[in-house]
Amino acid sequence: MLARKFPGWLLLLGALIAIAPLSMNMYIPAFPAMAAALHSNPRAIEHTLPMFLLGLSIGQLLYGPLSDRFGRRRPLFVGLLIYAVGSAACALAESVSALSFWRLLQALGGGAGLVIARAVIRDRLDVQESARAVSTLFLVMGVAPILAPMFGSALLLVTGWQAIFLVQVMFALGCMVWALRSMPETRPDHAIRSLRPRAVLGTYFTVLLDRSFIYPALCAAFAMSGMYAYIAASPFLLMNLYGVSAQQYALLFGINALGLIAASQFNGFLLRRRRPDQLIRISTFLPMVFSLILFVAALPGLPSLPVLLILFFGYVSCLGAISPNTAAIAMGGQGMHAGSASALLGALTYSVGTLSAFVVSWIPAQGALPLAIVMLTCGAISMAFGMANVRYGRRLPTVPAFP
């Protein structure tokens with residue numbers, strides 16, 4: 001059971017999961033400065049974000065089977081080392097193409113922390129406690145999107161954008177030392193899985209066909225993808241079209257993260273009396289409503305900045321209730337291959353997130369309309385899978401193992 005006191009092992013997992021938002025959000029205020037230094041434009045720098053999301057998707061699919069075969073610790077150390085090397089190389093990049101490549105490598109390493117953290121929670125807790133644990137984790141995870149852009153913009157005032165990636169190197173090395181000293185092995189001895197390609201693909205095939213996994217996983221993936229579209233498009237939208245400064249942008253980003261934290265803690269309170277699947281219905285309905293209002297407001301042209309910020313805040317805040325519940329349900333029946341299931345859960349989220357981040361820049365429309373279209377689409381699909389999980393997910397049996 002989850003102790004009333006915030007346990008140290010959960011704090012470490014929060015730091016590992018925070019690697020992704022730290023890597024995505026810290027450098028966003030530096031887009032204009034990086035574009036000038038690399039002789040490019042801010043929209044080209046934005047494309048390095050989908051490359052990072054793509055790397056996270058691929059990396060997690062690799063670390064899942066590795067963690068089921070070798071345990072949680074060793075793959076984590078390898079991934080953190082790769083992430084540190086990629087971060088250092090980003091600081092030395094002299095072109096946008098080089099930056100994109102090293103961001104991809106950085107993400108391939110950073111995916112280890114996401115996979116291992118979810119797998120460890122599944123190793124130690126049941127579904128109800130897992131949902132409460134992830135809600136609690138948002139206290140830690142939420143600090144990253146609040147502080148990262150603020151810290152990144154503060155670094156820009158005193159030094160160059162390269163320092164942002166050097167800080168990420170130090171963060172990865174710190175997590176390695178912390179995990180080495182205080183993270184025990186949690187993979188059950190009887191859950192060792194083969195690394196033969198047929199066995200790995202068979203495990204993934206089995207998990208994907210388990211409706212108790214795929215419905216909540218896709219519900220979370222599309223809900224989060226609306227936020228990734230916002231992360232990708234909002235620097236250009238707010239700083240270039242609305243004239244928001246880098247420091248103001250960081251503050252606005254932090255306010256959104258505070259809403260996400262508040263929603264996650266309220267979700268943890270509700271979990272004392274309700275099951276995770278009971279909370280999915282309302283938590284997936286609200287993002288669709290916020291994004292629909294945003295779409296209507298963006299049709300005539302640029303909506304007022306306060307209206308835009310309120311709707312962004314509403315959408316992002318709801319993710320604090322969606323993510324913990326869907327993750328707990330998706331991982332709940334995957335004890336024998338928790339690492340692979342965790343990898344698929346993350347890969348689906350970041351794959352759809354990569355697509356949404358690219359699509360928002362391809363839509364031939366002006367102002368906030370491209371972002372509104374993508375967020376509305378993601379919100380509607382997320383709600384559909386959330387309803388499917390409520391109606392069908394708990395009734396259908398797990399698919400038998402792949403031969």
Side-chain angles (χ1 to χ4, degrees), residues 21 24-26 28-29 31 42 46 49-50 53 138 141-150 152-153 220-264 266 283-323 349 352-353 356-357 359-361 363 365-383:
M24 287 187 289
N25 302 333
M26 184 179 286
I28 289 177
F31 278 8
E46 285 179 14
L49 177 60
L53 294 175
F138 270 86
M141 294 157 53
V143 172
I146 292 175
L147 296 183
M150 294 182 179
S153 62
F222 279 97
M224 293 294 294
S225 294
M227 184 185 70
Y228 293 135
Y230 161 71
I231 292 174
S234 60
F236 177 81
L237 177 64
L238 296 180
M239 289 192 279
N240 288 61
L241 299 185
Y242 282 91
V244 173
S245 69
Q247 287 69 37
Q248 290 171 331
Y249 178 86
L251 178 61
L252 294 173
F253 208 97
I255 293 173
N256 287 333
L258 284 175
L260 188 147
I261 293 174
S264 70
F266 184 60
S283 61
T284 55
F285 174 72
L286 290 175
M288 195 274 291
V289 172
F290 285 121
S291 55
L292 178 60
I293 297 174
L294 175 63
F295 173 76
V296 173
L299 281 176
L302 282 177
S304 68
L305 184 59
V307 170
L308 198 70
L309 296 179
I310 290 172
L311 295 174
F312 286 158
F313 176 84
Y315 187 104
V316 173
S317 296
C318 292
L319 301 179
I322 295 174
S323 294
T349 298
V352 181
S356 69
V359 169
V360 75
S361 64
I363 296 177
Q366 300 297 319
L369 188 57
L371 179 56
I373 292 173
V374 174
M375 292 180 69
L376 176 59
T377 302
C378 291
I381 296 175
S382 173
M383 186 181 71

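Since this is a predicted model, take the numbers as computed values, not measurements.
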Query raised in the report: Does the pair Leu238 and Leu305 meet the rule for a side-chain contact (heavy atoms from CB on, under 4.5 Å), with working shown?
Result: CA-CA 9 Å; Leu238 296 180; Leu305 184 59; 3.9 Å; yes

Taking all non-hydrogen atoms of both residues into account, name the closest pair between [X] and [Y] and its distance.
X      : Y      : value
Leu311 : Phe290 : CD2-O, 3.8 Å
Ala298 : Pro303 : CA-CD, 4.2 Å
Met24  : Leu53  : SD-CD2, 3.5 Å
Thr349 : Ala221 : CA-CB, 3.7 Å
Ser382 : Thr284 : OG-CG2, 4.1 Å
Leu319 : Ala223 : CD2-O, 3.5 Å

Between [atom1] of [X] and [atom2] of [Y], what distance do you get to the nearest 0.5 Å?
X      : Y      : atom1 : atom2 : result
Cys318 : Leu286 : SG    : CG    : 4.5 Å
Ser225 : Met375 : OG    : CE    : 11.0 Å
Thr377 : Ile363 : OG1   : CD1   : 7.0 Å
Met227 : Ser323 : CE    : OG    : 7.5 Å
Ile310 : Ser304 : CD1   : OG    : 8.0 Å
Ser234 : Ile28  : OG    : CD1   : 6.0 Å

[X] vs [Y] side-chain heavy atoms within contact, under 4.5 Å:
X      : Y      : answer
Ile322 : Pro287 : yes
Phe313 : Leu252 : no
Leu371 : Phe236 : no

Query - Centroid-centroid distance, Tyr315 to Tyr230, less than 6.0 Å - result: no

Query raised in the report: Does Ser291 use its side chain to pair, donor to acceptor, with the backbone of Met288 at less than 3.5 Å?
Result: yes

Query - Ser356 side-chain N/O to Gly353 backbone N/O, donor-acceptor pair under 3.5 Å - result: yes

**Report entry** Atom OH of Tyr242: over 12 foreign heavy atoms under 6.0 Å
**Finding:** yes

**Report entry** Flag for Tyr249-Ser153: side-chain donor and acceptor within less than 3.5 Å
**Finding:** no

Report task. Begin from the C-alpha positions of Leu237 and Leu308 and carry the test side-chain contact (heavy atoms from CB on, under 4.5 Å) through to its verdict. Result -> CA-CA 11 Å; Leu237 177 64; Leu308 198 70; 4.0 Å; yes

Requested in this report: Could you walk me through whether Asn25 and Ile231 pass side-chain contact (heavy atoms from CB on, under 4.5 Å), step by step?
Outcome: CA-CA 8 Å; Asn25 302 333; Ile231 292 174; 3.9 Å; yes

Query raised in the report: So Val352 and Met224, side-chain contact (heavy atoms from CB on, under 4.5 Å) or not? Walk me through it.
Result: CA-CA 9 Å; Val352 181; Met224 293 294 294; over 6 Å; no

